[in-house]
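In listed order, ligands and their atoms are each counted from 1.
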Amino acid sequence: MRRLALRLCTLNKELLLPGRGLTQGSQNPEKQRVFHMHEACSPIHVNHGVCVRDKLREIVGVSTNWRDHMKAMEERKLLQSFLAKSQEGLPPRRMKDSYIEVLLPLGSQPELREKYLTVQNTIRFGRILEDLDSLGVLICYMHTRVHAAKMSPLSIVTALVDKIDMCKTSLSPEQDIKFSGHVSWVGKTSMEVKMQMFQLHGNEFCPVLDATFVMVARDSENKGPAFVNPLIPESPEEEELFRQGELNKGRRVTFSATSLLKMAPSAEERTTIHEMFLNTLDPKTVSFRSRILPPNAVWMENSKLKSLEVCHPQERNIFNRIFGGFLMRKAYELGWATACNFGGSRPFVVAVDDIMFQKPVEVGSLLFLSSQVCFTKDNYIQVRVHSEVASLESKEHMTTNVFHFTFMSEKEVPLVFPRTYGESMLYLDGKRHFNSMSVPVKLRKDCSEAP
Ligand SMILES: CCCCCCCCCC(=O)SCCNC(=O)CCNC(=O)[C@H](O)C(C)(C)COP(=O)(O)OP(=O)(O)OC[C@H]1O[C@@H](n2cnc3c(N)ncnc32)[C@H](O)[C@@H]1OP(=O)(O)O
């Protein structure tokens, strides 16, 4: 019963991929077991997150109890023999092979709402980040399915949230939500996944969010890289998506190579910083050291907020590390509070970009999050959240992620001014992230998001 319910709730193969004219592959053995999750699950068990995650647990073969986790990992070692020696040894897949849809029936099943609800009767975006992360991994498991093996020999982890753009449409906790997505590009061991989210308006599901993630395949024990199936585009639209994936990879390499941690700012950026510096000199003293804020401005250091999380086993992913979605939710909520505190009104998120998962977070770690406003313009607030971990034993801190969120406030916000050279680099980095946002969304009250 449980198994059937999972398939029903995660794999709705007969629906069209919106705007792309794709349908799920017909040779898929699961095709007949289609849909409406609330027909199959009892209301208590109907939860989008639970269903997708249970499906992932089944694919990876993990324990549901922490006390059994070592045994389950031992069992996964036996799957090493199913790993391909080369990418050519794996059957190519089509985009439709990984295409899935997942329903989050907030409207039709009100008991689901609590988990997603903010006090302003909007949807918690942090929960959506968690759902996207689980969904992205599940999509990659669809792409890499090994029909001969009961469990997948691959450990698929989130490497990067390349981009999440919010559309204008409002997110109501009282209407059903649908997610869809598929693999859009593959490298040797990495896969780009495109996901969309829709919300029911009348009888129609309207797009509310676009997301691009990069997932990386690792071996059964998550210790080394593992090859993924090639991807064959089948139409001009799919070829364009694939080409875009290739360009995205190139863009990421360039962005990283020109990072301010590696390279000096451009002449234009240096001018910006110097002008800001001149704007903060006290005309009475004319000293390099005597700095005052211009009107309607805040020192960057005064925008900071910090938090600490103890990473309990409950927050683990299928590989017994801390779930990336949980890290994103915590970072997002701190970032939202930072923007709220800074702007003086409830902001809503318009874009998330370039969240790199540099290191896994071990269960039992202490997670230190530090958030600050690093750039503002009109109603926009660019927030950067830095996360690092330390184990209780070693006390040595290590960066695991840097998160970038773009918020929009209801009213114009103060300017943020860097005081030190390091802060100036944060300012320029924030400006670069802000400028990379696709299309700044116009302020609309009905579009509000809260954490
Ligand atoms: C049970 C309930 C929960 C269910 C949840 C299920 C979802 C689980 C998903 C997760 O929670 S995962 C947890 C969050 N993510 C992590 O902890 C990952 C932490 N980071 C790492 O482990 C490594 O940095 C990573 C494996 C991602 C990369 O390792 P390396 O730096 O050694 O990678 P390498 O240089 O060997 O490159 C391997 C591939 O990754 C690609 N890559 C690496 N970093 C990248 C990046 N930042 N962006 C894009 N691509 C990247 C790289 O281009 C290359 O692609 P190709 O093989 O196709 O050429």
Side-chain angles (χ1 to χ4, degrees), residues 6 10 47-66 69 72 84 86-87 90 129-141 143-144 152 154-163 183 185-193 195 212-219 221-231 245-246 248-257 259 311-331 353-363 365 367 387 389 398-404:
L6 286 168
T10 56
N47 179 320
H48 152 75
V50 169
C51 287
V52 170
R53 290 178 198 183
D54 282 357
K55 181 75 187 166
L56 285 168
R57 283 196 186 98
E58 183 189 309
I59 291 170
V60 179
V62 288
S63 63
T64 42
N65 296 315
W66 175 243
H69 80 278
S86 71
Q87 192 173 34
L90 289 165
L129 290 174
E130 290 186 320
D131 289 346
L132 287 170
D133 198 23
S134 309
L135 177 63
V137 173
L138 183 57
I139 287 170
C140 291
Y141 276 117
H143 176 80
T144 54
S152 174
L154 299 177
S155 307
I156 296 175
V157 300
T158 315
L160 178 78
V161 177
D162 185 68
K163 200 100 198 118
V183 171
W185 173 87
V186 301
K188 292 272 176 222
T189 67
S190 62
M191 291 161 277
E192 184 191 80
V193 177
M195 289 173 279
T212 307
F213 283 40
V214 179
M215 309 296 184
V216 171
R218 315 269 297 158
D219 64 22
E221 296 179 77
N222 193 5
K223 288 191 173 158
F227 293 109
V228 299
N229 303 62
L231 178 66
E246 203 71 47
N248 286 344
K249 184 173 180 173
R251 172 180 52 79
R252 288 191 280 266
V253 170
T254 313
F255 203 83
S256 153
S259 156
C311 296
H312 295 294
Q314 189 185 15
E315 310 303 345
R316 73 190 185 278
N317 64 19
I318 38 182
F319 315 112
N320 298 315
R321 301 285 187 35
I322 293 300
F323 173 38
F326 169 79
L327 302 174
M328 284 196 271
R329 173 161 65 85
K330 287 295 167 187
D353 85 307
D354 197 30
I355 300 179
M356 210 186 283
F357 289 88
Q358 296 168 16
K359 294 259 175 345
V361 176
E362 301 294 338
V363 172
S365 311
L367 177 73
S387 75
V389 290
M398 211 164 47
T399 297
T400 57
N401 301 80
V402 179
F403 303 85
H404 304 275

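- Distance check for atom 33 (O) of ligand 1: every protein heavy atom is found at 4.0 Å or beyond.
- When each atom of ligand 1 is checked for a heavy atom of Phe323 under 4.0 Å away, the hits are 5 (C), 7 (C), 11 (O).
- Per-atom contact check: atom 28 (C) of ligand 1 does not touch the protein, criterion being a heavy-atom distance below 4.0 Å.
- Contacts between Lys249 and ligand 1, counted as non-hydrogen atom pairs separated by less than 4.0 Å, involve the side chain only.
- There is a protein heavy atom closer than 4.0 angstrom to atom 12 (S) of ligand 1.
- Atom CG of Asp162 is separated from atom CZ of Arg251 by 4.5 Å, given to the nearest 0.5 angstrom.
- Protein heavy atoms are found inside the 4.0 Å sphere centred on atom 7 (C) of ligand 1.
- Nearest heavy-atom pair across Pro225 and Arg218 is N-NH1, 3.9 Å.
- In this structure, Leu129 CG and Arg329 CZ are separated by 10.0 Å, a value rounded to the nearest 0.5 Å.
- In terms of protein heavy-atom proximity, atom 44 (N) of ligand 1 is nearest to Ala159 CB, 4.3 Å.
- Residue Gly187 has at least one heavy-atom neighbour below 4.0 Å for each of these atoms of ligand 1: 58 (O).
- Between Gly136 and Val193, the shortest heavy-atom distance links the atoms O-CG2, 4.0 Å.
- For ligand 1 and Ile322, the ligand atoms under 4.0 Å from any heavy atom of the residue are 13 (C).
- Ranked by closest heavy atom to atom 41 (C) of ligand 1, the top entry among Val216, Val228, Asn401 is Val216.
- Looking at Ser134 next to ligand 1, no N or O pair under 3.5 Å apart turns up.
- For a threshold of 3.5 Å applied to N or O pairs, the pair formed by Gly324 and ligand 1 contains at least one separation below that value.
- Closest of all the heavy-atom pairs between Val228 and Val186 is CG2-CB, 4.2 Å.
- Geometrically, ligand 1 and Arg57 share no nitrogen or oxygen pair separated by less than 3.5 Å.
- Contacts between Gln358 and ligand 1 below 4.0 angstrom, taking non-hydrogen atoms only, involve the backbone exclusively.
- Between Arg53 and ligand 1, a contact under 3.5 Å exists for no N or O pair.
- A donor-acceptor pair under 3.5 Å links the side-chain atoms of Asn401 to the main chain of Met356, judged by distance alone.
- Among protein heavy atoms, the minimum distance from atom 17 (O) of ligand 1 is reached at Pro360 CA, 3.3 Å.
- For the pair Phe357 and ligand 1, the shortest N or O to N or O distance falls below 3.5 Å.
- Here the OG atom belonging to Ser134 is positioned 9.5 Å from the CG atom belonging to Asn317, to the nearest 0.5 angstrom.
- By the definition of a contact as any protein heavy atom under 4.0 Å away, atom 52 (C) of ligand 1 is not in contact.
- If you check which protein heavy atom lies closest to atom 18 (C) of ligand 1, you get Thr158 O, 3.4 Å.
- To the nearest 0.5 Å, atoms NZ (Lys249) and CD (Glu192) are separated by 11.0 Å.
- Which parts of ligand 1 touch Met356 is read off a 4.0 Å heavy-atom cut-off, strictly below it: atoms 47 (N).
- When all heavy atoms of His143 and Asn229 are compared, the pair lying nearest together is NE2-O, 2.8 Å.
- Remark: ligand 1 atoms within the under-4.0 Å shell around heavy atoms of Leu56 are 6 (C).
- Counting only distance, with no hydrogens or angles, the side chain of Glu246 and the backbone of Trp185 share no donor-acceptor pair below 3.5 Å.
- Using a 4.0 Å threshold on non-hydrogen atoms, atom 47 (N) of ligand 1 counts as touching the protein.
- Atom numbering of ligand 1 starts at 1 in the shown order; those under 4.0 Å from a heavy atom of Arg218 are 26 (C).
- Residue-level proximity to ligand 1 for Val214 is carried by the side chain, the only part with a heavy atom below 4.0 angstrom.
- The shortest heavy-atom contact between Phe357 and Leu327 is CE2-CD1, 4.2 Å.
- Where the criterion is an N or O separation shorter than 3.5 Å, residue side chain and backbone included, Asn317 meets it with respect to ligand 1.
- Nearest approach of Arg53 to Phe323, heavy atoms of both residues: NH2-CE2, 3.4 Å.
- Inside a 4.0 Å radius of atom 37 (O) of ligand 1 there is not any protein heavy atom.
- Taking only nitrogen or oxygen atoms, main chain and side chain alike, Ser190 reaches within less than 3.5 Å of ligand 1.
- The option from Ile355, Ile156, Thr189 that lies nearest to atom 39 (C) of ligand 1, judged by heavy atoms, is Thr189.
- Residue Leu160 touches ligand 1 through its side chain alone, judged by heavy-atom distances below 4.0 Å.
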